[in-house]
Amino acid sequence: MQSPRSPSSQPFLSVSVTDPVKLGNGVQSYISYRVITKTNFQDYQGPEKIVIRRYSDFVWLRDRLFEKYKGVFIPPLPEKSAVEKFRFSAEFIEMRRAALDIFVNRIALHPELQLSEDLRTFLQADEETMERFRFQETGIFKKKPADLMQMFRDVQTKVSDAVLGKEKPVEETTPEYEKLKHYIFELENHLTEAQKHAYRLVKRHRELGQSLLDFGKAVKLLGACEGEPTGKAFSDLGTKSELLSIKLQKEAQQVLMNFEEPLKDYVRYVQSIKATIAERGTAFRQHCELAETTKLKEINLDKLMLTRSEKVGEAEIEYREIKAESEEATRRFERIVKRMDEEIVRFQEQKTEEMGVAFHQFAKGQARLANGIADAWRALLPKLEAASSV
Amino acid sequence: MMGSENADETQINASKEDMENLSLGVDGDDPLKKSDVNGDSSNSAYRSAMSTLSNVRDPLSSPPTLLTPTDSDPLLAPSSLGDFRSVGSKPNSSDNSYIEPPSYADVIFSPFDENSDSEINGAEDSSLLSPSSDLLSRSPSSLSSDYIKITVSKPQKEQEPSNSIVPGGNTYITYLITTRTNLPDFGGPSEFSVRRRFRDVVTLADRLAESYRGFCIPPRPDKSVVESQVMQKQEFVEQRRVALEKYLRRLSAHPVIRNSDELKVFLQVEGKLPLPTSTDVASRMLDGAVKLPQQLFGEGGASAVPVHEVVQPARGGRDLLRIFKELRQSVSNDWGGYKPPVVEEDKEFLEKKEKIHDLEQQIINASQQAELLVKAQQDMGETMGELGLAFIKLTKFENDEAVFNSQRTRATEMKNLATAAVKASRLFRESNSQTCKHLDTLHDYLGMMMAIQGAFADRSSALLTVQTLLSELSSLQARAEKLEAASAKVFGGDKSRIRKIEALKETIKVTEDAKNVAIREYERIKENNRSEVERLDSERRADFMNMMKGFVVNQVGYAEKISNVWAKVAEESSQYDREKQSS
């Protein structure tokens, strides 16, 4: 990442989100995070700066970037907390912290986004300034979620219309783009299913752990009724079973954090792309409509010039204005297209890397668990042999 | 999530078919086909190996259920948990079913694994087991050459000969009982078959209960009227067939009962079973255990008064038994109602009874937890399989739609994961079917606990008889004394009284004899109890040890297998090994 602004050493920007702390009381309580920035970027207070941020600050950042960098796939945020009870559990907090860390770092590593002013504000501004910014902007962007939903629906109907062969003139119909849209929508379905099964698998680990625990206890009680050596054998068996129960609970947590969460993140990413697709659709429509309008104005102007009307002057001004707007709209649209072309390459590569890591960790975890299980049971065998030869 | 569970289940069954038919042809060279998930050649090798391996017909050991989704896999259906109890053979020494672990290690491990590691594992497992394989078979009969092997098969519908009263006649099921044995009692090495219906089994059980009082007789399968209405006919018949087989095998494993006339006759004599049924017995009877009347009120017994015939003729005169009968009628209430309390003073016996009761409770508890464990393992395997399937679909999708190489790379890696998940899923399920069989021992012993209760009840009844006779005797003697005293007052003797006294003295003598017989009987039953309980205790301990070993060996074997599957994937994706993941 060569930044033209830093001629000296390699420019870097690295962020970590740490130390979740619960603040506030009762209903108004929330989690705050320490955000540590290490950088040699020129506009930044280096080499290190620490600020305190909360979830809604991250939301602010995301919304700003979404507005300003249309066409870029903005990294997704973890969901707003679901169940109240779960909101402050240690696991949830840790998972959220990790997800926020990934979020900021993805932005920091993105060639365009890393130069964003809003990012700088987010990473550097003091807490009061940040709060002010946040309150300012939420008003304007409050309607956003609803808008997004509408855009999704629009895009979906348009895609299905295109599939059905209906003619809708205000829609991109290049085959590559159609393919991309279809791909993204289908991908979301597939990923959601995979993620669902991954979550269930986590549950299965926990359930198996629990039943091993109960089984171990029952077997120990049974052993207490039997004389030796059977009694001791049962007792050993029960103890092993309880031990393995712990291993399973641990692995459940690992699978949740290192396998299911990346899959969820993948789904969120795809949803973010859908939002970008919606933006592109809007930009395209604007570009088309304005081009259309410009043409009409031009025709009108020519007509007026022919009839030497007094309205020529006015019309000329209007025409020039519209033309400028149209050109701007076209530029915006083309920028989105260009960005998306780059983004999609990046996205695929990034996902291959990230999923590769997730798969690898999952496989490693499963292998380790199975090994642990084999070792534990195997250790019991000589004892059982000894007992039964008595 | 809740409502979708059912839909998912049907989807799973459907998707397993999908998985069979799914061909992930990528560039013509499909690693999936090469590996063993759908590979037909290795599959058939595996299947034929498994079928030669188990001459014990065991539905649970037919493994590649993922590949034959239409087969009824007990572990797939929700009702499987009920099935798991009655399915699977009892790990009886005469079956040598515990020799299975080393053999299946050899068979299963090789077609699945390309690595030589697994060969070593397989070899390790079998070497681990062979020195103990002798210990795995516990009863002496399997070490010698005696054997008796009973199989129940070929259920078929037959019609009762219609009588004029009931038009059409009833249909019932008969089962083919095949015995293969070299016991001299059956006439040397031979194989023979008879057809029997369930009613015959009830008769057999009843006759054995009478003849072998004090023994711990394995309980026969339930009549289960409710189940026969609710279950599918086929399922019910199959469940009953399995239960019958188990029962007969247990009978033939009992060192005393295997030599009984009743069993011999049941196994050998073709045609009508030549044992007296519960309806047409003469009115000779002993005071029986509480359990026996309940058995009689099974299929045959319509009589209100439970009567049963004694097989052993040498029991004393008719008079004796008439006394017993009268005693029985006056003393016991057949519907399991009030019985005068037996005064059991034997402390040791009471302690033992207490202990047996505790043991029973713990076996029940352990059996329940074992069921839950099996279910949890099954669920794990299922979900792992579903995950694999979902990723296979994703892989196909990515490959179909791929624009960039990064997508193709990802698709390949996903496929490795999916294949491993499917393999692991199958291994889980296989492991589980073995676990089922092993832990089934716990449930088997619940049955044996019942048998012990039965033996104890025999003892209590016998004691009751003795005590009742004693009190009867003393009241008779008191009456005689009174009569004598009264008669003595009459000068020259009171003829009518004297006659009464003589009749009474006659009765007293008979009652005295009866008492002595009863006491001998009681002592005999006590001794039977003692030796049986001792035998059962040591059998149970041995069986439990075997169960534990079998269970543990199975867990080890499959955990190693599963670990290898995943280790391979981890190795192949080692370029993604990061110390701490950051995006």
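First the proteins, then the strands, lettered A, B, ... as listed; each starts at 1. These numbers come from the heavy atoms of this one structure, side chains and all, not from hydrogens, waters or symmetry mates.
- Note: B:L394 CG to A:N189 CG = 10.5 Å, rounded to the nearest 0.5 Å.
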TODO: Kindly determine whether B:Q555 and A:R378 satisfy side chain to side chain contact (heavy atoms under 4.5 Å, CB included), including the steps that lead there.
DONE: CA-CA 9 Å; B:Q555 294 286 95; A:R378 206 184 296 117; over 6 Å; no

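- The part of A:L263 that comes within reach of chain B is its side chain, from C-beta onward, which places non-hydrogen atoms under 4.5 angstrom from that chain.
- For B:A402, the part sitting under 4.5 Å from any heavy atom of chain A is the backbone (N, CA, C, O) and nothing else.
- Checked by atom type, the side-chain pair B:T383/A:R204 shows a donor-acceptor distance below 3.5 Å.
- No part of A:K217 comes within reach of chain B, as not one of its non-hydrogen atoms sits under 4.5 angstrom from that chain.
- Contacts of A:E176 with chain B are absent, with no heavy-atom separation under 4.5 Å from either backbone or side chain.
- If you measure heavy-atom distances from A:L369 to chain B, you find no contacts under 4.5 Å at all.
- The candidate from A:A376, A:G372, A:A218 with the greatest count of non-hydrogen atom pairs under 4.5 Å with chain B is A:A218.
- The part of A:L237 that comes within reach of chain B is its side chain, from C-beta onward, which places non-hydrogen atoms under 4.5 angstrom from that chain.
- Side-chain contact between A:F215 and B:V374 is absent, with no heavy-atom pair separated by less than 4.5 Å.
- Heavy atoms of A:E186 lying under 4.5 Å from chain B belong to its backbone as well as its side chain.
- A 4.5 Å side-chain heavy-atom check between B:Y558 and A:I373 finds every atom pair outside the cut-off.
- Of the listed residues (A:L191, A:D375, A:L212, A:L221), the greatest number of heavy-atom pairs within a distance under 4.5 Å of chain B belongs to A:L221.
- Atom CG of residue A:D214 and atom CD of residue B:Q369 lie 4.5 Å apart, to the nearest 0.5 angstrom.
- Taking 4.5 Å as the limit, every side-chain heavy atom of B:L387 sits out of range of all side-chain heavy atoms of A:Y199.
- The contact between B:L359 and chain A is made by backbone and side chain atoms together, counting heavy-atom distances below 4.5 Å.
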Open item on the list: Walk me through whether B:M414 and A:M355 qualify under side chain to side chain contact (heavy atoms under 4.5 Å, CB included).
Closed with: CA-CA 9 Å; B:M414 217 176 268; A:M355 291 321 291; 5.6 Å; no

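- Summarising the geometry, atom OG belonging to B:S406 is positioned 12.0 Å from atom NZ belonging to A:K351; distances are rounded to the nearest 0.5 Å.
- Within a 6.0 Å sphere centred on CD of A:E94, other residues, nucleotides and ligands contribute more than 12 heavy atoms.
- Interatomic distance, B:K549 NZ to A:L381 CG, rounded to the nearest 0.5 Å: 9.0 Å.
- Counting heavy atoms from C-beta on, the side chains of B:E398 and A:H190 never come closer than 4.5 Å.
- Atom-to-atom distance recorded for B:L373:CG and A:Q210:CD is 11.5 Å, nearest 0.5 angstrom.
- Proximity of the aromatic rings of B:F391 and A:F359 is defined here by a centroid distance below 6.0 angstrom, and this criterion is met.
- With a 4.5 angstrom heavy-atom cutoff, A:F362 touches chain B only via side-chain atoms.
- No part of A:L244 comes within reach of chain B, as not one of its non-hydrogen atoms sits under 4.5 angstrom from that chain.
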TODO: Apply the test side chain to side chain contact (heavy atoms under 4.5 Å, CB included) to residues A:L222 and B:N365: give CA-CA distance (whole Å), side-chain angles for both, the deciding distance (0.1 Å), then the verdict.
DONE: CA-CA 8 Å; A:L222 181 55; B:N365 184 31; over 6 Å; no

- [ ] Go through A:F234 and B:Q362 one step at a time and tell me if the side chain to side chain contact (heavy atoms under 4.5 Å, CB included) criterion holds.
- [x] CA-CA 12 Å; A:F234 269 130; B:Q362 296 313 326; over 6 Å; no

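- For A:H360 (side chain) and B:A570 (main-chain N/O), a donor-acceptor pair under 3.5 Å exists by modelled atom type.
- Residue contact with chain B, scored on non-hydrogen atoms closer than 4.5 Å, involves the backbone and the side chain of A:L208 alike.
- The closest side-chain heavy-atom distance from B:E413 to A:T352 is below 4.5 Å.
- Inter-residue side-chain proximity for A:K179 and B:E401 is flagged as met; some heavy-atom pair is nearer than 4.5 Å.
- In terms of heavy-atom pairs under 4.5 Å with chain B, the best-connected choice from A:V345, A:L180, A:L380 is A:V345.
- Counted by atom type alone, A:E354 and B:Y576 present zero donor-acceptor pairs between their side chains at under 3.5 Å.
- A donor-acceptor contact shorter than 3.5 Å links the side chain of B:R410 to the backbone of A:Q348.
- Between B:M384 and A:L201, some side-chain heavy-atom pair lies under the 4.5 Å cut-off.
- One distance of note links CH2 of A:W377 with CZ of B:F551; it measures 4.5 Å at 0.5 Å rounding.
- The pair B:D577-A:K364 counts as a salt bridge, with a side-chain nitrogen and a carboxylate oxygen less than 4.0 angstrom apart.
- Side-chain contact, B:R578 with A:Q361: no donor N or O sits under 3.5 Å from an acceptor N or O.
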